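No hydrogens, no waters, no symmetry mates; every other heavy atom, side chains included, goes into these values. Note that the coordinates shown come from a computational prediction; the quantities given were computed from them, not determined experimentally.
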Amino acid sequence: MVELSPKQKEIIATDGHLLVTGEPGSGKTTVSILKAARIAHERLRPGQKVLFLSFARATVSRVLEAIDDEDGISREARKVIEVDTYHSFFWRIVKTHGYLLGFPRRLSILTPSNEAIALSVIRTGYKSKLTEDQKKEKRQREEDERMRLAKEEGRICFDLFAPSVGEILHGSEKVKRLISTAFPFIILDEFQDTNASQWHVVKALGVNSTLISLADPEQRIFDFIGAHPERLKHLQDQFHPAEFDLTGENHRSKGTDILIFGNDLLKGKFRDEPYAGVEIDVFESNLNQAFATLTGHVLQARARLIKSGKKRWSLAVLVPTKKMTRQVSDSFRAPFGKVPPIGHSAAVDMEAAILGAELIAFLMQPHNDARHLPAFVDLLCDYFRGRDGDAPTQTGLAKAQTVRSAFEKCHAAKAKGEPFPKKSIFVAVQAVYDEVCALALTGDHDADWRAVRLILERGACPRLNEIADEVKNIRLLDRGTQLRQALAQDWRDNGAYRNALDITRLAFVQEHFSTSQKPETGIVVMNMHKAKGKQFDAVIIFEGWPVRVRRKIVSNPNRIIRSNSRDEGLSQARQNFRVSVTRAKQRTTILTPKDDPCVLLLPDA
């Protein structure tokens with residue numbers, strides 16, 4: 001049983017709307033879980049539940065694990081505490097009541113990768129540097145296309161979830177009361193990061209449900225998606241909640257100075273004596289020495305954690321950019337010298353990997369149909385149109401068009417009984433496709449998947465080589481037992497993977513909403529933004545370094561502060577950095593260039 005502080009006990013005893021603020025690891029989540037358990041015993045009627053909403057599936061998993069581990073929560077209480085993501089909760093409302101907005105009765109989710117495909121032509125029609133009028137025009141065209149896809153095709157993208165729910169709840173008193181009857185108490189995690197559309201939903205929910213809002217004002221890192229700096233004041237003005245501040249309580253990294261260091265980062269003022277549990281080291285500004293330093297620290301940290309005897313230890317390597325996530329992951333797969341590969345998982349952007357996985361799943365399906373090859377080409381073109389997510393490139397769109405044109409020319413020649421043009425790129429595409437079609441599948445879905453991917457990897461087509469490489473970021477059978485069972489059943493029913501593409505697509509949608517994901521273990525590499533809501537035994541923060549020509553810095557890529565300059569606004573960056581530092585329970589290590597250390601590590605003048 002957790003030993004509660006006096007403030008935490010007061011939170012549990014207080015009725016009505018609540019706002020609980022505090023630093024990372026101050027016990028906000030723990031006390032909210034225990035309060036939910038008390039509500040479950042004392043305040044709920046049959047059929048009602050306490051709803052806990054969070055932005056991140058990792059947080060949901062951690063909360064579910066904490067509920068299971070807490071001896072003070074009865075089995076009956078656990079059954080009526082529902083933990084979910086905002087996305088998943090909103091989707092349930094849209095799917096049930098979206099007809100009120102003119103959506104078709106039958107709806108499906110437009111995943112981010114397929115949304116990228118749908119919007120790629122609009123997005124690539126604009127250059128990188130736009131005027132304010134052009135930005136406004138581009139946003140409007142994207143919004144119009146999203147709404148068209150929703151109303152005409154019934155395909156709803158994630159960005160429409162919150163605005164649609166807000167419109168439903170504010171437009172229908174009946175639906176609003178129905179939801180509040182089911183969930184009379186709602187816990188809102190990371191409340192400071194709610195955007196305007198999510199806040200619009202919360203205002204409707206708070207009319208009939210009691211809101212328990214958890215927030216860290218200094219941990220607001222999602223300004224770029226609309227989190228408002230005055231969001232807590234909006235809550236105070238709207239609902240007048242009882243307020244509790246847990247600042248100064250530290251349950252995550254107890255016995256260390258990690259939280260103290262994180263708070264000093266915000267102020268830009270550091271003490272002279274060392275911070276227990278925090279290490280800052282430097283590396284030489286070149287690729288080999290930078291990654292050698294990182295590798296050394298990772299191996300030492302791994303050895304310490306293994307020696308500690310903890311079974312499910314975790315070590316996060318956090319980097320500033322998406323590009324650097326891939327670079328670090330690649331370096332761990334093939335370290336310098338005689339160092340063996342370092343086992344790890346990498347949280348990379350998945351648009352390209354998912355679209356590549358869809359193509360491989362399709363290639364596992366029977367190919368005895370004249371429509372198979374054209375459908376394969378459609379998926380190949382979709383890969384290049386959607387691989388870059390919401391930042392498409394002209395290169396990707398051009399590659400898609402090149403494949404399409406080459407396919408049409410080659411098969412026009414084939415229809416006339418003529419050979420393919422020798423220099424056509426489709427010659428190599430067709431050769432790899434034919435080799436896959438000649439492959440005898442076995443019914444062992446893992447082995448069959450790897451066999452198809454290997455043909456793409458070793459084939460003479462660089463476009464398919466790229467897809468095979470991207471798909472390495474996905475372990476098909478890690479998508480869960482449901483995918484395993486579905487593919488196995490498909491083979492048993494049909495003697496083939498007749499529905500592999502649909503099964504794989506569904507698996508990725510279900511993965512997005514899954515709350516069964518366990519907290520990360522082992523070594524994990526991820527972008528600093530992705531670490532929010534998570535915690536690890538140890539954290540290593542590794543940034544890029546300056547590139548010099550004739551001793552002058554000509555570029556400064558992959559830095560915690562872009563270009564590592566004090567001329568930029570540092571407030572948001574300090575908050576982001578603090579979040580990363582305070583993810584650690586035992587030890588945080590920061591690696592920065594020796595000749596140009598991160599400006600946030602230098603005391604303010």
Side-chain angles (χ1 to χ4, degrees), residues 261 265 270 274-275 277-306 314-348 469 472-473 522-531 536-566 568 573 576-577 580-581 583-584 586-603:
F261 178 77
L265 268 174
F270 301 98
Y275 294 84
V278 178
E279 177 186 8
I280 299 174
D281 198 7
V282 295
F283 54 82
E284 299 294 337
S285 290
N286 63 77
L287 180 70
N288 288 355
Q289 288 178 284
F291 278 99
T293 301
L294 172 63
T295 300
H297 277 279
V298 168
L299 294 177
Q300 291 166 20
R302 183 179 68 179
R304 283 194 298 269
L305 290 166
I306 292 172
S314 56
L315 167 62
V317 178
L318 306 182
V319 296
T321 64
K322 300 173 185 178
K323 180 180 179 181
M324 205 168 186
T325 303
R326 288 182 177 272
Q327 288 175 335
V328 170
S329 180
D330 290 344
S331 78
F332 285 177
R333 287 196 186 110
F336 295 101
K338 297 181 180 180
V339 178
I342 300 172
H344 70 285
S345 59
V348 299
D469 190 56
K472 287 179 181 177
N473 291 309
I523 299 172
V524 185
V525 183
M526 66 176 63
N527 181 287
M528 291 166 70
H529 275 290
K530 291 182 181 292
F536 307 90
D537 293 305
V539 166
I540 297 175
I541 300 171
F542 176 59
E543 67 167 340
W545 54 90
V547 177
R548 283 185 163 84
V549 175
R550 296 191 182 93
R551 299 183 180 180
K552 182 179 179 181
I553 296 177
V554 294
S555 65
N556 221 336
N558 302 309
R559 301 304 300 269
I560 292 172
I561 298 291
R562 186 176 298 177
S563 299
N564 201 39
S565 169
R566 287 187 180 275
E568 302 176 41
N576 298 350
F577 200 3
S580 297
V581 164
R583 297 307 89 197
Q586 302 172 12
R587 186 183 184 114
T588 293
T589 301
I590 301 167
L591 304 180
T592 191
K594 182 178 180 179
D595 58 341
D596 188 35
C598 176
V599 294
L600 296 185
L601 297 174
L602 305 176

Next item on the list: Under the side chain to side chain contact (heavy atoms under 4.5 Å, CB included) rule, what do Asp596 and Trp545 come out as? Steps first, then yes or no, please.
Entry: CA-CA 7 Å; Asp596 188 35; Trp545 54 90; over 6 Å; no
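- Residues Asn556 and Asn564 have side chains that never bring a donor and an acceptor to within less than 3.5 angstrom of each other.
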Next item on the list: Test Arg587 against Asp537 for salt bridge (charged side-chain N to carboxylate O under 4.0 Å, His left out), laying out the working first.
Entry: CA-CA 7 Å; Arg587 186 183 184 114; Asp537 293 305; over 6 Å; no
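- Distance check: Lys323 NZ to Asn558 CG gives 6.0 Å after rounding to the nearest 0.5 Å.
- Ser565 contributes no side-chain N or O that, together with a main-chain N or O of Ile561, makes up a donor-acceptor pair within less than 3.5 Å.
- Between Val328 and Phe542, the shortest heavy-atom distance links the atoms CG2-CD2, 4.0 Å.
- Closest heavy-atom contact between Val539 and Leu315: N-CD1, 4.3 Å.
- No donor-acceptor pair under 3.5 Å is formed between the side chain of Gln586 and the backbone N or O of Ala538.
- Contacts of Phe261 classified as ring-ring contact (aromatic ring centres under 6.0 Å, His included), with partners at least two apart in sequence or in another chain: Phe270, Tyr275.
- Here the closest heavy-atom approach between residue Arg559 and residue Pro546 is recorded as NH1-CD, 3.9 Å.
- Taking CZ of Phe283 as the start and CG of Asp595 as the end, the distance is 9.0 Å to the nearest 0.5 Å.
- Here the CE atom belonging to Met324 is positioned 15.5 Å from the CE atom belonging to Met526, to the nearest 0.5 angstrom.
- Counting only distance, with no hydrogens or angles, the side chain of Arg583 and the backbone of Phe536 share no donor-acceptor pair below 3.5 Å.
- In terms of modelled atom types and a separation under 3.5 Å, the side chain of Thr592 and the main chain of Cys598 share a donor-acceptor contact.
- Put simply, CD1 on Ile590 and CD1 on Ile541 are 5.0 Å apart, with the number rounded to the nearest 0.5 Å.
- Under the 3.5 Å distance criterion, the side-chain polar atoms of Arg566 are matched with a main-chain donor or acceptor of Val599.
- No side-chain heavy atom of Arg333 sits under 4.5 Å from any side-chain heavy atom of Pro341.
- Side chain of His344 to main chain of Ile342: a donor-acceptor pair is present (N/O by atom type, distance under 3.5 Å, no hydrogens or angles).
- Annotation for Asn527 and Thr321: closest pair ND2-C, 3.3 Å, computed over non-hydrogen atoms.
- Residue Leu265 holds its CG atom at 5.5 Å from CZ of Phe577, rounded to the nearest 0.5 Å.
- Across all their heavy atoms, His529 and Asn576 have their closest contact at CE1-ND2, 3.8 Å.
- In this structure, the separation between OG on Ser580 and CD1 on Ile560 is 7.5 Å, given to the nearest 0.5 Å.
- With sequence neighbours left out, Pro557 forms a side-chain contact (heavy atoms from CB on, under 4.5 Å) with Val547, Ser555.
- Side chains of Glu279 and Thr588 form no contact here, defined as non-hydrogen atoms less than 4.5 Å apart.
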N/O donor to acceptor pairs below 3.5 angstrom from side-chain atoms of residues 292-306, sequence neighbours left out:
from, atom 1, to, atom 2, distance (Å)
Thr293, OG1, Gln289, O, 2.9
Thr295, OG1, Phe291, O, 2.8
His297, NE2, Asp281, OD2, 2.7

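- Using modelled atom types, no side-chain atom of Ser329 and backbone atom of Arg326 make a donor-acceptor pair closer than 3.5 Å.
- Side-chain N or O atoms of Ser285 include none that pairs as donor or acceptor with a backbone N or O of Pro593 at under 3.5 Å.
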